[in-house]
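Inspection log for the structure reproduced underneath, given as structure tokens.
Sequence positions, counted from 1, serve as the residue numbers for this chain. Owing to the predicted nature of the structure, the values given are computational and were not obtained by experimental measurement.
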Amino acid sequence: MDSHLKEIRLDGELAYDGHFLKVSRDRIQLPDGKVSHREYIRHPGAVVILPLFDDGRVLLERQFRYPNDRVFVEFPAGKIDPGEDHLACARRELEEETGYTATDWRYLCTIHNAIAYSDEHLELFLARGLSAGQARLDEGEFLEIFTATVPELLDMVKAGQVTDVKTIIGAFWLEKIISGAWSPG
């Protein structure tokens with residue numbers, strides 16, 4: 001149906017093979033028949049957890065992100081290991097990063113956050129029935145957790161204090177869920 005827009009891979013190479021990311025450089029044929037190149041990041045995918053307490057507060061993290069040289073406010077998230085079930089990854093990441101576990105999990109959606117230069121996908125989950133526990137951060141991982149109401153989170157988005165795309169999308173999902181406009185799976 002969209003064949004008039006499709007680009008076709010002719011050949012390619014791995015331009016960079018890192019521990020976490022890989023960069024591919026492909027020679028492609030454009031829809032008009034011309035040849036061009038595409039460079040893009042290969043990413044294993046990640047999960048994003050929207051931890052919602054019974055009182056309407058959400059659990060958030062503050063974490064330094066090196067590429068932008070600043071601390072970001074974001075929802076708990078983490079890389080999907082090879083062959084790992086997405087829900088199992090979400091459960092693992094929530095507990096490792098925050099110490100919390102949840103009894104009610106709902107898949108919300110998949111987002112692609114950098115479609116022009118990466119194949120990364122993020123699987124969003126709503127987590128309810130939260131119980132506190134002990135965090136088990138990965139070596140070299142440093143973060144702090146805090147809570148906010150959804151209106152407070154939306155105010156942070158509006159004020160430019162939250163710029164992380166997965167957290168902004170998660171905040172909008174929560175606003176719709178709490179209002180009753182959207183029902184999670």
Side-chain angles (χ1 to χ4, degrees), residues 20-21 43-81 84-115 118 120-185:
F20 175 51
L21 298 175
H43 187 285
V47 296
V48 180
I49 303 99
L50 313 183
L52 181 62
F53 291 97
D54 293 339
D55 66 3
R57 292 176 302 122
V58 292
L59 184 64
L60 296 162
E61 299 176 351
R62 294 182 72 250
Q63 186 172 14
F64 182 82
R65 295 300 191 170
Y66 183 81
N68 290 290
D69 192 31
R70 64 175 269 210
V71 171
F72 283 84
V73 171
E74 54 189 295
F75 281 117
K79 179 181 69 70
I80 301 166
D81 290 336
E84 186 177 25
D85 175 77
H86 297 166
L87 177 57
C89 179
R91 291 177 188 271
R92 175 180 57 76
E93 286 292 342
L94 179 64
E95 188 170 6
E96 284 179 3
E97 291 188 359
T98 71
Y100 279 85
T101 57
T103 58
D104 183 18
W105 289 87
R106 304 294 166 130
Y107 168 79
L108 298 178
C109 70
T110 299
I111 61 173
H112 296 90
N113 58 315
I115 59 175
S118 177
E120 181 178 8
H121 60 95
L122 301 168
E123 309 298 327
L124 274 69
F125 289 90
L126 175 65
R128 290 181 169 153
L130 299 172
S131 298
Q134 184 66 40
R136 296 183 323 274
L137 297 174
D138 292 335
E139 185 174 331
E141 186 174 35
F142 303 91
L143 58 87
E144 60 185 35
I145 60 174
F146 70 100
T147 63
T149 65
V150 173
E152 289 169 341
L153 176 56
L154 290 168
D155 285 345
M156 288 187 270
V157 170
K158 186 176 178 182
Q161 297 165 333
V162 172
T163 60
D164 172 58
V165 69
K166 70 184 179 296
T167 303
I168 293 171
I169 291 170
F172 292 158
W173 263 94
L174 286 172
E175 179 183 39
K176 297 289 190 192
I177 290 169
I178 289 170
S179 75
W182 289 359
S183 178

inquiry  = Does Ile115 have more than 12 heavy atoms from other residues, nucleotides or ligands lying within 6.0 Å of its CD1?
reply    = no
query = What residue pairs, at least two apart or across chains, pass side-chain hydrogen bond (donor to acceptor under 3.5 Å, both in side chains) with a residue in residues 173-185?
reply = none
Within residues 136-157 or reaching into it, pairs that qualify as ring pair (Phe, Tyr, Trp, His ring centres under 6.0 Å) - sequence neighbours excluded = none
note = dist Leu174:CG -> Leu126:CG (nearest 0.5 Å) comes out at 6.5 Å
From CD (Glu74) to OG1 (Thr163), nearest 0.5 Å = 9.5 Å
note = Note: Cys89 and Ile80 closest approach over all heavy atoms is SG-CA, 3.8 Å
request  = Enter the distance from Thr98:OG1 to Ile49:CD1 here, rounded to the nearest 0.5 Å.
outcome  = 8.0 Å
ask   = Would Arg91 and Thr101 count as a side-chain contact (heavy atoms from CB on, under 4.5 Å) if you check the C-alpha gap in whole Å, the side-chain angles of each, and the deciding distance to 0.1 Å?
value = CA-CA 7 Å; Arg91 291 177 188 271; Thr101 57; over 6 Å; no
note = Glu97 and Ala135 have their tightest heavy-atom pair at O-CB, 3.8 Å
query = For Thr167, does its backbone N or O pair with a side-chain atom of Asp164 as donor and acceptor, under 3.5 Å?
reply = yes
message = Just checking Asp54: does its CG atom have more than 12 heavy atoms from other residues, nucleotides or ligands closer to it than 6.0 angstrom?
response = no
task = Kindly compute the distance separating CD1 (Ile111) from NZ (Lys166), expressed to the nearest 0.5 Å.
result = 8.5 Å
request  = State the CG-OG1 distance between Leu124 and Thr110, to the nearest 0.5 angstrom.
outcome  = 8.0 Å
note = Of all heavy-atom pairs linking Leu143 and Glu61, the shortest is CD2-OE1, 3.7 Å
ask   = Distance-only, no hydrogens or angles: does the Asp85 side chain make a donor-acceptor pair with backbone N or O of Leu87 under 3.5 Å?
value = yes
request  = Can you see which heavy atom on Ala171 is nearest to which on Leu154, and at what distance?
outcome  = CB-CD2, 3.9 Å
task = List the atom of Ala148, the atom of Glu152, and the distance in Å for their closest heavy-atom pair.
result = CA-OE1, 3.4 Å
key: Residue pair Gln63 / Glu141: nearest heavy atoms and the distance that separates them   = NE2-CG, 3.9 Å
ask   = Is it the case that Arg136 and Gln134 place a side-chain donor and acceptor less than 3.5 Å from each other?
value = no
inquiry  = With rounding to the nearest 0.5 angstrom, report the CZ to CG distance, Phe125 to Leu50.
reply    = 10.5 Å
